[in-house]
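Here's the structure, in structure tokens; my notes come after.
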Amino acid sequence: MTAMNMIEALNSAHDVMMARDDNVVVMGEDVGFFGGVFRVTAGLQDKYGRSRVFDAPISENGIIGVAIGMATYGLRPVAEIQFADYIYPGFDQVVSEAARIRYRTAGEWYVPLTIRSPYGGGIFGGQTHSQSPEALFAHVAGITTVIPSNPYDAKGLLISAIESDDPVVFFEPKRIYNGPFDGFFDRPVTPWSKDPRAEVPEGYYTVPIGKAAIAREGQALTVLAYGTMVHVAIATAEANGIDAEVIDLRTIVPVDIETIEQSVRKTGRCVVVHEATRTAGFGAELSALVQERCFYHLEAPVQRAAGWDTPYPHSLEWAYFPGPIRLGTAFKKALED
Amino acid sequence: MADKIERRNRPALSLHVPEPDARPGDEPDFSRIQIPAAGSVPRPDVTAQPAETHPLCFTMVRVLDDEANAVGPWDPRLDPDTLRRMLRDMMMVRAFDDRMYRAQRQGKTSFYMKSTGEEAVAVGAAHALDREDMCFPTYRQPGLLVVRDYPLVDMMCQIYSNRGDKLQGRQLPIMYSDRAHGFFTISGNLATQLPQAVGWAMASAIKGDSRIAATWVGEGSSAEGDFHSAMTFSGVYRAPVILNLVNNQWAISSFAGIAGGELTTFAARAVGYGIAGLRVDGNDPLAVYAATLWAADRARSNLGPTLIEHFTYRKEGHSTSDDPAAYRPQGAGEKWPLGDPIQRLKRHLINLGEWSDEQHESLQTQLSTEVRAAQREAEKQGVLVASTIDFPHDVRTMFEDVYAEMPWHLKEQQAQMAAELETKRK
């Protein structure tokens, strides 16, 4: 075990898989010699050579299209999209191609492709380096969407994603690359090294796709969260003395419905949170699922706490970000009736 | 902006929207098309620098002259058996098209697309490629499957979406897929296959394989970003791929000018990307063969991609869903100055003393019989019937292959659908 931050854990996942499987190749903008703008692929080109780790032209459409072709050849490409906000030029290749090739060929071809991308705000990235587009991918049949919230899960889930025979969109909450962020932006940053979830095995292990984790046990209220918001939800519960159970979904599609149902049946109250814009966000799906399946256990309406339905504003970041006040309000509302 | 914008003393701007030379009611007009004499274009060495090929992007590689004799440095000097087989394959594509077009008109399937007039593009290329090379086609290259002896019955079962359709009725007719025949699943989205072909070729190079990839795109969809991504990536990584751009002059009702065809040739795009480029008489199967072989040899020698523009004409409608009489002069295809690929190769073989009208007639009859027999066989497994819930495939298969393993929400929906059908059947 070594203490690793998210970046080191993700780097280690690449390293482990590239050593285990010659078919794993890494491609993306600046991922080669430089090791990526967030350093996730640092040292890999040196270790595995230029034909397995290389820089790509600034063309997300090309990166994803080319990676699909590589996957149909038999490779297991890991494509980095530098920021989730940049993924849209490749969206057609994800939706109409990666997601559909197994289906339209009745399994003759499939696409073992991992698309990694840093997402979310909290780093003063402005409109084009802060978005959370996970709901767009959750809506696409055939895509698995994974979002880790800590170094241990990040490594184990990325290894599972690379080993998956289906296309996986793997969103990395960039605000917590270097340390867990509880949403109190005015407090000092804590590094991962002080956190037990940063104890990461150096070798191979997996965290299963489609399985949520209970990040904090509680009796009063269920909070459904993923990524950075897991930490904000826990901090909000603690700051308000609320005995909330925080579920870290880890995979949003396929979502771990059993864990959600068990928790909501126990607490009778539910808040769904995400950083993405509220309307038609993944929280809407979660809220509908809870309502459909746990209605008679619910003591109060399901609440949503999310980003506002606006673009991510640069200077107003902390007014946009769904921090402890917005979450606290939602928690209290869910506890009212 | 209520007030008129004050204009400086400058001329008013106007928008240019390209228009074809002739519309319905006009005489077909191909006078603007420049056709160099067959044999007039030099053949650079396969190892030439890309720049050496760039003048070829503005002319046209042609082998068969107006008398159907093979001339010039691009003559591939094929033996008569190969020539006869190419002729047979093109004729088979046409016979198949005619039969399946009719089946669609008889209501046996929802949709069909013919390759009429463009048969040489796929057939010529497939003969020049190795059987193991991987093809990423559009819907107008069924010739690849015909050359590679894919069973006609399997093609027809796909068209009928019937019990014999190995794609389980999931794809629109003619969107074939067959891994064993090196024929990648066709996408209705257009041009997405180009970066995929480049990626496949790059993977082949990464693994030290010797197989190359070839892909096709229409001139219309070459305006997609995917085309330009493919050009960039293939050039940058010197991918062993052949990028075929089939300029058949029409994208449904939009003429090539709407895709940029008025500005320069499509082959000329190779110049800007610094890759090898060729422009070929697409109705000349020998020119298509020779250009493909040149590009394949080049790719196999690690010298990277070639863009080949195949200059041809879409003789019929885009598909069974449009009527070309609504947007271009009737009979335009008959006046296409590059003629018909089947007639040209037929004449060439006759010139060589290797073929005759009688043989041609008899082959025509034989192919037609073969296609009819295949059709009878395919129809034993059903045809597409629209208004029924007696589906050709187990409806539960609808939920398979979305993921490698069916997740809970699809299992639930599968059960829900089964119940829904039970209700309907009662």
Side-chain angles (χ1 to χ4, degrees), chain A residues 22-23 25 27 49 51-52 54-75 77 89-90 92-93 95-112 141-144 164-167 209-210 251 253-258 289, chain B residues 134 136 165-168 170-172 175 177-180 184-189 191-209 211 213 215 224-226 228-234 236-237 239 241 397-398 400-410 412:
Chain A
D22 278 350
N23 289 321
V25 297
M27 171 178 51
S51 68
R52 288 184 66 197
F54 51 89
D55 291 335
I58 302 173
S59 165
E60 291 75 18
N61 161 263
I63 292 170
I64 297 174
V66 161
I68 291 169
M70 289 176 163
T72 62
Y73 177 93
L75 301 188
D92 182 42
Q93 285 283 352
V95 176
S96 310
E97 300 297 314
R100 303 287 153 82
I101 284 171
R102 178 189 292 281
Y103 193 74
R104 74 180 199 226
T105 68
E108 189 170 59
W109 269 288
Y110 56 96
V111 181
I143 295 295
T144 300
S164 169
D165 285 339
D166 288 322
I209 287 171
T251 301
V253 173
V255 77
D256 180 356
I257 195 68
E258 272 176 46
L289 284 171
Chain B
M134 184 67 199
F136 290 76
D165 174 15
K166 66 169 192 163
L167 303 182
Q168 301 182 299
R170 290 174 184 165
Q171 275 277 60
L172 199 65
M175 304 279 177
S177 170
D178 197 74
R179 195 177 180 124
F184 193 69
T185 161
I186 293 173
S187 177
N189 271 46
T192 49
Q193 70 278 10
L194 268 81
Q196 293 164 5
V198 173
W200 194 98
M202 286 169 67
S204 187
I206 289 169
K207 298 306 275 185
D209 197 338
R211 292 174 295 166
T215 185
E224 290 281 6
D226 297 78
H228 298 277
S229 300
M231 293 290 280
T232 302
F233 279 70
S234 68
V236 167
Y237 302 107
V241 63
T397 61
M398 190 197 315
E400 290 167 2
D401 301 318
V402 181
Y403 295 92
E405 275 174 51
M406 201 182 296
W408 67 269
H409 61 285
L410 287 181
E412 281 193 4

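Reckoned from all heavy atoms, side chains included, excluding hydrogens, waters and symmetry mates. Keep in mind the model is a prediction, meaning the values are calculated, not measured. The chains referred to below are lettered A, B, ... by the order of the sequence lines, with proteins before strands, and numbering in each begins at 1.
Heavy atoms closer than 4.5 Å to chain B are found in both the backbone and the side chain of A/I257. In this structure, no portion of B/M231 lies under 4.5 Å from any heavy atom of chain A. Proximity to chain B is absent for every atom of A/A71, based on heavy atoms less than 4.5 angstrom apart. Looking at B/D226, the atoms closer than 4.5 Å to chain A (heavy atoms on both sides) sit in the backbone and in the side chain alike. For B/I186, the part lying near chain A is the backbone, with the side chain staying farther off; criterion is any non-hydrogen pair under 4.5 Å. Within the 4.5 angstrom heavy-atom criterion, no atom of B/S234 approaches chain A. Only the side chain of A/Q93 comes within contact range of chain B, with at least one heavy atom under 4.5 Å from a heavy atom of that chain. Heavy-atom distances place both the backbone and the side chain of A/T144 under 4.5 Å from chain B. Both the backbone and the side chain of B/F184 come within contact range of chain A, with heavy atoms under 4.5 Å apart. Using a 4.5 Å cut-off between heavy atoms, B/E224 makes no contact with chain A at all. Contact annotation for B/A230: neither backbone nor side-chain heavy atoms come within less than 4.5 Å of a heavy atom of chain A. Both the backbone and the side chain of A/A141 have a heavy atom closer than 4.5 Å to some heavy atom of chain B.
Taking 4.0 Å as the cut-off between side-chain N and carboxylate O, B/R211 and B/D209 count as a salt-bridged pair.
With chain B as the partner, the residue from A/G142, A/S51, A/G62, A/P254 showing the most heavy-atom pairs under 4.5 Å is A/G142. Comparing A/S96, A/S59, A/P57, A/A99 by heavy-atom pairs within less than 4.5 Å of chain B, the highest count is held by A/P57. Of the residues considered (A/I64, A/V66, A/I68), A/V66 shows the highest number of contacts with chain B, using heavy-atom pairs under 4.5 Å.
Take A/D165 and apply the side chain to side chain donor-acceptor pair (under 3.5 Å) test, not counting sequence neighbours, and it matches A/R76. B/E405 pairs by the side chain to side chain donor-acceptor pair (under 3.5 Å) definition with nothing, not counting sequence neighbours.
Side-chain atoms of B/W408 come within 3.5 Å of backbone atoms of A/V255 as a donor-acceptor pair (strictly under, hydrogens ignored).
Donor-acceptor pairing under 3.5 Å is lacking for the side chains of A/N61 and A/D92.
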